Each structure stands twice: as structure tokens, then as C-alpha cells.
Amino acid sequence: MAAFESLTNRLQNVFSKLRGKGKVTEEDLNEAMREVRLALLEADVNFKVVKDFIAKVKEKALGLDVSKSFTPGMVVIDIVNKELTELMGGTQSKLAKANKPPTVIMMVGLQGAGKTTTTAKLAKLLQKGNSKPLLVACDIYRPAAIKQLQVLGEQINAPVFSLGDQTSPVEIAKAGLAHAKENHNDYVIFDTAGRLHIDEALMEELKQIHQNVKPDEVLLVVDAMTGQDAVNVAQSFHDQLELTGVVLTKLDGDTRGGAALSVKAVTGKPIKFAAMGEKIDALEPFHPDRMASRILG
Ligand code: GDP
């Protein structure tokens, strides 16, 4: 099953009923909104996000007096489309760029979210724009994380800085940044350690890396398959680290939509990239309008 398939099917059902109507009464609208609400909740979208979303759509639909439109169903669909886009941040949110290179990017997230893979994918994307990123291996805890980054680096022909797994991640980060400056890398991306759950030692280490490398971007990598849990994770990281954006991974799986639709509203941080597969070039800038259209089918 593809991403959002069940949500898409449910929304299409609601809208096909509306589309056929020459006249949409307030009752029709209420009924449709009840169904949209259920579809979103079932897709694991945050409860409060759903409530606000429905309220906004209703207000707009009533404000436009859709009952007077010749194609009232289409008007409602259009409103939903626009509000879904807004919910995910409205416009595309671009990667920050340092005034003076290198631009420093810190990747954070739980273990298994896809940090190491995404670090390499992001480097590849930057290379396509003629940049010269350096990757820094700060995950000294997960067995083989360093090797994994080195292998990926080789694949895309990007340098990987490592001091093995006996030096502290903070020291590795500092040395990595110095290395990037010496070698005129215009981007430096830090792959940091994740845990299965957020713990204090991990946060303390990340905070220290943050203080030392002063990142322009702190990107939280979240597995879209984890739904609303992803949003809780984002909130916990944000409380400690001041995130600048989110990368949603595994959008090629049968994710229900909860993470994609809730994360911006709950944390205030935009989704900047979406990963849609295990291959190295399966990372794209995130476009809220395209995602909304995709969800609506
Ligand atoms: P880390 O522990 O956060 O560094 O996670 P990894 O980068 O090692 O990724 C964990 C697993 O998820 C690996 O098997 C990756 O190939 C896989 N993965 C990462 N991103 C994606 C994605 O967008 N789609 C799919 N299908 N798998 C992904």
C-alpha cells in the first residue's frame, strides 16, 4: 500500500459525494466535515490539529457561501486543498545558508529514523547544486554507523571526516568543522547519534555539539511511519535543541499521514525535505502544495 492511500481513498469518497451536488446545504457541509474529521483522525493526525483544521475549513466554506456557487463541491475541495497546504507550512521552506561558508547542518533524531542515510542523501542533493559538502561521523555508539557513512560517502564521492569511535562526539564535531574550513567545504553535515528513546545523556551531548559548531540548521529526521509519535519526538527535541526543520523519511511506505500533517502545526517547524526510498537520490525538497494534492489524490 502506498503512503496516504487510506486517507486519500476516504477523502475522495467524501468529495465525490459533494462534487455531484448542484447545491451544498450547511447540513451537507457538516456531514462532509464530520467525515473529513474522522478520516484525519484515523490517519493519526493530532487531535487538536484536526479540530482547528475543520474549524478553518468550515469558516471559509460558510464565508464563501458555497451554496450559491455553481460548483459548490469543487469550492469545498479547493478550500480543503489550500488548508492542507497551509497546515504543512504553505510554501516551500528552503535550507538556510551561512553568510560565511561553511553552512553547518546538524542531523538529529531517534535511532533508525534514517539519519545516516539522509545525511548522505542531503550531501548528494547539495552536490547537484555544485556544492562541496563534508560529512562528519559523530555517531560513535551505533555499531557500524561510521562505516555506513563512509560507504555512502564513497558512493557519492563526498569526503567523510571521522576520528573513529574512541573520541568524544563533541571533539569529533569541533575537529570536523575545522577540517571543513581548511578544505573549503561550503557545507558540513554532522551525523549525530540517536537512541531508541530520547534520553538525557543523548540530549546533553547534542546540546554540547550544538554549542560548539553553532549550526545554521538543526534538522530532525523523523520516520513518517511512526505517525503522531513522530510529533512527540519532534516536540521533545525542539524543547532541548531549537530545531530549524524536519526531514520526513519513509514516505514510500504505507504511512498514514499523521506525521506529515501534524508536525508543522505542533512544533512550528517546517518540513524541509522528504525521503521516499532507500536509494541515495531518494530525497526531495518538501513542497506543501504538492503533498496536499497528492493526499487529495
Ligand atoms: P539512523 O539510525 O537514523 O542513522 O538510520 P539509518 O540511516 O541507518 O536508516 C535506518 C533504515 O531505514 C535503513 O535500512 C535505511 O535504508 C532505511 N531508510 C532510511 N530512509 C528511508 C526512506 O526514505 N525509505 C525507506 N524505505 N527506507 C529508508
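Along the sequence shown, residues are numbered consecutively beginning with 1. Order of listing sets the numbers, starting from 1, for every ligand and every atom in it. Fair warning: this is a prediction, and the values are worked out from it, not measured in the lab.
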Distance from atom 20 (N) of ligand 1 to nearest protein heavy atom, with residue and atom: Lys121 NZ, 3.7 Å
Please work out which of Lys250, Lys279, Met225 has its closest non-hydrogen atom nearest to atom 23 (O) of ligand 1. Lys250
The atoms of ligand 1 lying under 4.0 Å from a heavy atom of Gln148, numbered in the order shown, are 6 (P), 7 (O), 8 (O)
Compute the shortest N/O to N/O distance between Gly277 and ligand 1 and return yes if it is under 3.5 Å, no if not. yes
One should read off an interatomic distance between His210 NE2 and Phe190 CZ, to the nearest 0.5 angstrom, of 11.5 Å
Any nitrogen or oxygen of Thr249 lying under 3.5 Å from a nitrogen or oxygen in ligand 1? Just yes or no. no
Please verify whether a non-hydrogen atom of Gly112 lies at under 4.0 Å from ligand 1. yes
When clusters are formed from ILVMFWY side-chain contacts under 4.5 Å, directly or step by step, what else is grouped with Leu38? none
Could you check whether any side-chain N or O of Thr8 sits under 3.5 Å from a backbone N or O of Ile295, counting only pairs where one atom can act as donor and the other as acceptor? yes
Which of the numbered atoms in ligand 1 are under 4.0 angstrom from any heavy atom belonging to Met276? 23 (O)
Among all protein heavy atoms, pick out the one at the shortest distance from atom 26 (N) of ligand 1; state its residue, atom name and that distance to 0.1 Å. Asp252 OD2, 2.7 Å
Residues passing the ring pair (Phe, Tyr, Trp, His ring centres under 6.0 Å) test with Phe161, sequence neighbours excluded, are His179
Distance-only polar pair, side chains of Asp216 and Thr103, donor-acceptor under 3.5 Å: no
I want to know if ligand 1 touches Lys115 in the polar sense, i.e. an N/O pair below 3.5 angstrom. yes
Checking His238 side chain against Leu243 main chain: does a donor-acceptor pair fall under 3.5 Å? yes
Between Thr192, Thr117, Thr116, flag the one that comes closest to atom 15 (C) of ligand 1 by a heavy atom. Thr117
Going by the atom numbers of ligand 1, which of them fall below 4.0 Å from some non-hydrogen atom of Leu110? 3 (O)
No-hydrogen, no-angle side-chain donor-acceptor test under 3.5 Å, Thr267 and Gln235: no
Is the side chain of Asp78 donor-acceptor paired with the backbone N or O of Met74 at a distance under 3.5 Å, no angle test? no
Looking only at the side chains, is there a donor atom on one of Arg142 and Thr116 sitting less than 3.5 Å from an acceptor on the other? yes
Hey, is Gly194 one of the residues with a heavy atom under 4.0 angstrom from ligand 1? no
May I ask you to list the atoms of ligand 1 that are less than 4.0 angstrom from any heavy atom of Gln111? 2 (O)
Below 3.5 Å, N or O to N or O, backbone or side chain included: is there any such pair between Asp191 and ligand 1? no
Nearest protein heavy atom to atom 14 (O) of ligand 1, by residue and atom, and its distance? Glu278 OE1, 3.5 Å
When you measure from the centre of the six-membered ring of Phe47, is the NZ or CZ of Arg37 under 6.0 Å away and within 45° of the axis? no
